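Data first, discussion second: the structure below is written as structure tokens.
Keep in mind it's a predicted model, so treat the numbers as computed, not measured. Convention: sequence-line order gives letters A, B, ...; per-chain numbering from 1.
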There are 4 protein chains.
Amino acid sequence: MGRVSDSGRNGLFGASFSRSAVGVSDTDWLQAMLDTEAALARAVERAGLVAPGSGAAVTAAASADRFDIDELGRAAVLAGNPVPPLVRALSALLPAGRREAVHPGASSQDIIDTAVMLLARRAIGVIESDLATAARHAARLARENTATVLAGRTLLQQAVPVTFGLVAAGWLTGIDESRRDLHRTKTRLAVQFGGAAGTLAALGSAGPEVAALLADELGLAEPVLPWHTDRLRIVQLAAAVAGVSAALSKIARDVTLLAQTEVAEVSEGADDPRQGGSSAMPHKRNPVVAILVLGCTRRVPGLLATLTAAAEQEHQRAAGAWHAEWETLSELLRLTGSAASWSAALLAGLRVDADRMRANLDASGGLPMAEHVAAELAPALGRLAAHDLVAAAAARATAAGSTLQAELLADAEAAAALRAAGITERELAAAVDPTAYLGASAAFTQRALAAHDELRNEEGDDPGER
Amino acid sequence: MGRVSDSGRNGLFGASFSRSAVGVSDTDWLQAMLDTEAALARAVERAGLVAPGSGAAVTAAASADRFDIDELGRAAVLAGNPVPPLVRALSALLPAGRREAVHPGASSQDIIDTAVMLLARRAIGVIESDLATAARHAARLARENTATVLAGRTLLQQAVPVTFGLVAAGWLTGIDESRRDLHRTKTRLAVQFGGAAGTLAALGSAGPEVAALLADELGLAEPVLPWHTDRLRIVQLAAAVAGVSAALSKIARDVTLLAQTEVAEVSEGADDPRQGGSSAMPHKRNPVVAILVLGCTRRVPGLLATLTAAAEQEHQRAAGAWHAEWETLSELLRLTGSAASWSAALLAGLRVDADRMRANLDASGGLPMAEHVAAELAPALGRLAAHDLVAAAAARATAAGSTLQAELLADAEAAAALRAAGITERELAAAVDPTAYLGASAAFTQRALAAHDELRNEEGDDPGER
Amino acid sequence: MGRVSDSGRNGLFGASFSRSAVGVSDTDWLQAMLDTEAALARAVERAGLVAPGSGAAVTAAASADRFDIDELGRAAVLAGNPVPPLVRALSALLPAGRREAVHPGASSQDIIDTAVMLLARRAIGVIESDLATAARHAARLARENTATVLAGRTLLQQAVPVTFGLVAAGWLTGIDESRRDLHRTKTRLAVQFGGAAGTLAALGSAGPEVAALLADELGLAEPVLPWHTDRLRIVQLAAAVAGVSAALSKIARDVTLLAQTEVAEVSEGADDPRQGGSSAMPHKRNPVVAILVLGCTRRVPGLLATLTAAAEQEHQRAAGAWHAEWETLSELLRLTGSAASWSAALLAGLRVDADRMRANLDASGGLPMAEHVAAELAPALGRLAAHDLVAAAAARATAAGSTLQAELLADAEAAAALRAAGITERELAAAVDPTAYLGASAAFTQRALAAHDELRNEEGDDPGER
Amino acid sequence: MGRVSDSGRNGLFGASFSRSAVGVSDTDWLQAMLDTEAALARAVERAGLVAPGSGAAVTAAASADRFDIDELGRAAVLAGNPVPPLVRALSALLPAGRREAVHPGASSQDIIDTAVMLLARRAIGVIESDLATAARHAARLARENTATVLAGRTLLQQAVPVTFGLVAAGWLTGIDESRRDLHRTKTRLAVQFGGAAGTLAALGSAGPEVAALLADELGLAEPVLPWHTDRLRIVQLAAAVAGVSAALSKIARDVTLLAQTEVAEVSEGADDPRQGGSSAMPHKRNPVVAILVLGCTRRVPGLLATLTAAAEQEHQRAAGAWHAEWETLSELLRLTGSAASWSAALLAGLRVDADRMRANLDASGGLPMAEHVAAELAPALGRLAAHDLVAAAAARATAAGSTLQAELLADAEAAAALRAAGITERELAAAVDPTAYLGASAAFTQRALAAHDELRNEEGDDPGER
């Protein structure tokens, strides 16, 4: 059922912002609506409401390439949605005896909402697949860099040392937890089938049976009720997708910061040597993949707000709010799909410069170890006095461009404090060694990798098809 | 642990938009931070890192009423958050030998993020409790009105008949599914404990153990990793809360529409006869409770967008995005809490005018039964011809202010069609009887009630404490 | 310069949400970029920096139909934007001696941002034209209905009488004030020309002169500075467009409410008898045009939020935020353009049922006149007592389905009060006559029409070309 | 009229996010409503509708400290807004003969909307004043640093040299253009006075006259029509405020990036040595002021979206959308006010490290001069070949940690090209000198300063009182 989408990578911005084949093109929409009509025809046949063979006949006719999308679009404005002309066109493809199997008991909203569920299911599969790739590479980076020390940075200032393994583990956890949530959303994807106002009255007493058969045909859940104006399902879907986008935005932001000329701790790998180049500036190597991720993710919060606001829907079918969902949801899936695809490429190709990481840390003259030194002094001096003494030395080191260690040794008061604390020069040197102050970095990294392995086991072979 | 919040119902808009005691006042924030510090002190004592009794001493001191909130707030700007002055003030309340149990290994973010989890847990409990009440009343309305017929309305036009039981069942399902999701979010509420940059280096190798003990002390989950800049947890919490708001917004919108002067099918009950009154217009009975719900829910999508956008956080602590979360999350909980509380009152007091529902339907001259009549004619005339014939009669009925039935009988062509279809005048009268065209209304209503009963069984006695 | 856009009305949703030719298709984008490159070539020729004839040669080559949009889009990902491949392709169309006139001194952002200004200018023109039509019809409705009485409705309840002229005058004022603001925005549309980082260093000292000539060539303003990361211009443009959307959303919301089956005071005119129909329900006449307006306008606030958030741009060119603007701005213009076009059609065709307006008001048994009656009684009884007495009568009238007048006359206390106030039965009848309680309705309507005439005089003949 | 607000800097987050006295506390709201009622009393007295002296009597009573805010807030829920209990309480403070001057002809919305205009006017004044300070310091930084060279950075990579004067000039222009727009918004602030449904019927034919007098009393504009459900005024106000926030967010983002440990080109000045410190890390000097700016500005786009969405208001008074505006607008003003106040402090204290700026540029081995070198070679080699040759040398320089100059001289092909182009070693050295490649930096900076002087001349002495 359904056809693989043309990639959607066309047009001036397509390769940038529509990178993955999430399948939300007009053709995809049309086919999803036709798939719904076809499944409905088979369902009513199974329920004995139409002649045997009707389902197969409608299914055979329900191929997007037999319809004129522009014509359907033009006619859509009469009813405010494309289903009425679609029903007419689909019926016209059938012999008279089969037409009663087209659209029986259904409303336009039944067809569109169910189609949205089908589109969402496929898009989630595509996104999950790219996220699985991204996660695999994040896990590799975490494993490979458990001993790669760099400056942890808080509020954009060097803080204390961390490992790049832990950084990558954080990215991994973000990806894995967001895709776990996205995957869970799939179980909420439910058939919409309520007829004109949610009673299925046109089917007499057969409504619930047909709804169940339709859900079975499409492999979608059967909801407690038709959900024409209960849009929680859409909000939850959108929120899970936005969660993925949020996790990816953090990674891309980190990469752009770590790739800054003055930091230069990571760079984007490139198959094409022109990648990241500039027409005017021959030296440029811009982190263009991370930038394209951000170009997608920055647009997601506004779309999520639109869909959440649109959940205030009137009576049995909304006048406008429902209509505002269609393209918005497409955009949300398209942009997040693109961000996921770019992120997979980003992490697959990321180059880590461990030497530069260490050099940047060392260039700070041991300041990121100030917490450690103060902790060593605290038992003897008290925490506050130790803090103040180290802070003063740190300020002198910054001003003089020297090191924390040197300033502590050069200052009489500090030297006395070190002696009072029983800290030798050698112990001080050890105290400012970042490799000895990594705390639970390795343990946490292992935990993230273990959680990742667990998720991969759950997934089995195909992350998009769990 | 923690104290019950003052209700927050003070001030010019407090009773309107801060109706429920979700507990996000400054005092609540402060106490939650103190509860975190106290739990941390107990955790490090259990880990053997500080002297026995330290945990109890810190816990005893950690009472919000012993602190000057304004002073903490003023000092907060030096570090960009209130934890450093809080740590200092808390330490000052303790004897020297207990001070090492204050804030060991922790960052400001550990304290604030964990406090947010505590605030969220309590707020969710309060919201769940109000939602349980709202759901109970929605269920009652559904049960009581399984035979109450009214016009289903799509695109703000009368469509086909539905029952008010089914309408209330839809509200019920929205509430129940959103609170189920909110409840699930609770299991994601996890302690934050990573120290300066997520390595817990200041605790040497004891970090993970202390983190586990802290989680145990607070009854929060232990995350895979410290989540300083992995904000998916916040996005998911916000999304679940926004889902509740979305479900409630739909109900309130329906009530305002059903209560319109020209519709008048429901009205708000009022303990106070002045409720819904106007100072200028003596006759006014505004649906003020539903309006206050909407006054809350309309503000939620923007807040959700802010929190989702804020998830793009740099390195190991964000410069600004994290700070933007605090008040935004408070607002989100406060407004949704208020909407839940008002919604409980709304549904508890809602008055249903079944006679008016029927009268409004009857006033449409049988037009909402046009689908039914066309379906009856279809076997004989073909679907399209039947549709057109009934549409023409409907148009004449609208123009003349008569009824569909009358116009069909009066028109020669239509009368011939009825005869051809073997439909007698009596059968036509039956075909335009709305009570005979309710489809699965009762069955669907039962399904919603059964799902509700199942959720209540899961909950046991206290929905806020599941 | 530039070519008229293909209408963008294609595809499944095109006629619905891309109704007007605002010109934001890929071809439009490409042509706008080419127009910028061509103008730059002419500018540098005028500045004497390239050989005579270069400008004309580049201009001749700069035609979108000579370029492969998909190919440009694919190559765009290398630099993160389509300008580098465009420059290459444009150069390839020129003889060697002309190529130095392509892109001299410019950055990709110069080309894209200036192109956005050109796109915005044309889109504003198209939107202004549709708004002028909409305003003209709103003005006509205001003029035609100065004596058409209907219930004013506050909080969705009948309040006091108003005229439909005043309602339409309110719509008119919203349209006129929003398009006045949109028009003003045009003067802010400014050329972007700063080179690699805003210094135009590649042009030596000629930079500002070339920038001025470029502005002159394109008819755009010359900004104080290159505005690469000063995005206020974009925020203001987006806000003005969103203001238009906001004004139109109010009108469409009113129409959907006034067209409700139970209200039926307005309906949408339709050239096509199928408009507003339903495939299933033969009687349906949905206000589909207003619904499509709302389907557009509901999506605007989220897009505005995205553009406003994107204004936080780093250093001399943003990494992601800039890229997030492009499609978002297109969407904003496309949706608002569509809403404007639909609104013009809506107001042109709107049918007003003055009889039904009066009937709905009368059906309320004089309750909307309660304020008036209370005011008449106030001098004798005091305001509060008068209010309470009338409120009690209003409550009885609602309960009994009678009228305010009848209840006042039937009640002994009320009758005494009327006598005390010297109000005869005839005067009471006058006091509940809505046509005598319209206050400044006519005066206000005249004011709105006068303001409209003033704006039209400012505009002259062509609202899109002021 | 009105009283100066208590600063609003109280509470746990007050000093952080409510730094400036924009005046949106509950007391401010109450006083603004009372100021409106008092002005209305004076207006009706001037119109001869109430006894002489009534206006003064109401004005005397209309002092916020005579009212119980909590009590008003509790009673507000009966009508959905605090005006009805306020009117009652205000009347109770007056002798019987003066009470008819309280609230004559007015609706609750008239009072609240007009109060909002008064609050906005004052808040704009406060914000303008802080922006004027911020602009003055940005101008000073621009003037002082016209010759301070640093790396321009695009996409977070070093691009070509710029001056810090030009950077500050960009900040200045952002501030000045946003405050110019904010100032213009003031002229749109208009009295709201339409009575129950916009007709002022309760005042007979005197409505428009009273409206004009009320506008005169309050110094607000008189609108074409009562704007109860025409919310363009609110959207425009919100957009102008959001524009200010957007301009400030860019500056703060730049400061956090320039202050990074690895960049260290600017730092925040601090009166208090503890500013920017960390409780755990003694060496930390976080750019806390910039961070607090971002903590405010990040919340603005969501609030703007809420207000824009809320403009879809029904009939003559909205059911919910209007109510959603109140606190949202307060938040918007409070946060932007705080951001403006912090920004003034940020720019006043900003420390510029010109040596480090130059050092960071030099550390890039001349790569930011690659554009210049390529331009010098282009006439001889052709643009593309020159680009490729320099790009190759740049790549070697990056790999080897050497300089562009060295790599060009060391490579036989490059050396030949230099000779072919007639570029001597000395000329090459000049070509990689950043001080010789600043283009229009100085000229643009002067333009920004000139535009600033012009704005200051317009302002006269008091920017908040223009």
Are C:Thr173 and D:Leu225 side-chain neighbours, meaning at least one heavy-atom pair lies under 4.5 Å? yes
Give the member of C:Leu166, C:Val235, C:Thr229 that has the highest number of heavy-atom pairs under 4.5 Å with chain D. C:Thr229
Identify which part of C:Ser205 has an atom lying under 4.5 Å from any heavy atom of chain D, answering side chain, backbone, both or neither. neither
Side chain to side chain, D:Glu177 and C:Gln236, heavy atoms closer than 4.5 Å: no
Return yes if some donor-acceptor pair links the side-chain N/O of D:Asp230 with the main-chain N/O of C:Gly170 below 3.5 Å, else return no. no
Report which part of D:Pro379 has an atom under 4.5 Å of a heavy atom belonging to chain C: side chain, backbone, both, or neither. neither
Below 4.5 Å, heavy-atom pairs only: which of C:Asp254, C:Ile251, C:Leu156 has the largest tally toward chain D? C:Asp254
Need one label for D:Leu294: side chain, backbone, both or neither, based on atoms under 4.5 Å from any heavy atom in chain C. side chain
Could you report the tightest heavy-atom contact between D:Val160 and C:Ala197, atom names first, then the distance? CG2-CB, 3.6 Å
Side-chain heavy-atom pair D:Leu155, C:His323 within 4.5 angstrom cut-off: yes
Is there a donor-acceptor pair closer than 3.5 Å between any side-chain N or O of D:Arg231 and the backbone N or O of C:Ala247? no
Using a cut-off of under 4.5 Å on heavy-atom pairs, state which of C:Gly207, C:Ala159, C:Ala196, C:Ala239 scores highest against chain D. C:Ala196
Given the options C:Ala451, C:Ala448, C:Ala378, C:Ala375, which has more heavy-atom pairs under 4.5 Å with chain D than any of the others? C:Ala448
Quick one: of C:Gly152, C:Ser249, C:Ala96, C:Ala252, who has the most non-hydrogen atom pairs under 4.5 Å with chain D? C:Ser249
Taking all non-hydrogen atoms of both residues into account, name the closest pair between C:Ala246 and D:Ala311 and its distance. CB-CB, 3.6 Å
Looking at CG of C:Asp181 and CZ of D:Arg184, how far apart are the two atoms once the value is rounded to the nearest 0.5 Å? 9.0 Å
Quick one: what part of C:Leu203 sits under 4.5 Å from any heavy atom of chain D, side chain, backbone, both or neither? neither
Sub-3.5 Å donor-acceptor pair from the side chain of D:Lys250 to the main-chain atoms of C:Glu312, do we have one? no
With no hydrogens and no angle check, is any side-chain donor or acceptor of D:Arg447 less than 3.5 Å from a backbone partner on C:Val224? yes
If I measure from the heavy atoms of chain C, does D:Arg298 come under 4.5 Å with its side chain, its backbone, both, or neither? side chain
Most chain C-contacting option - heavy-atom pairs closer than 4.5 Å, from D:Ala318, D:Ala169, D:Pro226, D:Gly382: D:Pro226
Looking at side-chain heavy atoms only, is the closest gap between C:Gln316 and D:Val167 below 4.5 Å? yes
Can you confirm whether D:His315 sits close enough to C:Leu258 that some side-chain heavy atom of one is under 4.5 Å from a side-chain heavy atom of the other? yes
Quick check for you: among D:Thr308, D:Thr306, D:Val162, which has the greatest number of heavy-atom pairs under 4.5 Å with chain C? D:Thr308
In chain order, what residues pass the ring-ring contact (aromatic ring centres under 6.0 Å, His included) check against C:His372, with sequence neighbours excluded? C:Tyr437
Option in C:Arg153, C:Gln109, C:Glu100 with maximal non-hydrogen atom pairs under 4.5 Å from chain D: C:Arg153
Identify the two heavy atoms, one from C:Thr199 and one from D:Ser441, that lie closest to each other, and give their separation to 0.1 Å. CG2-OG, 3.1 Å
What's the spacing between D:Gln313 CD and C:Arg253 CZ if we round to 0.5 Å? 12.0 Å
Closest-packed option against chain C by number of heavy-atom pairs under 4.5 Å, given D:Gly243, D:Ala443, D:Ala202: D:Ala202
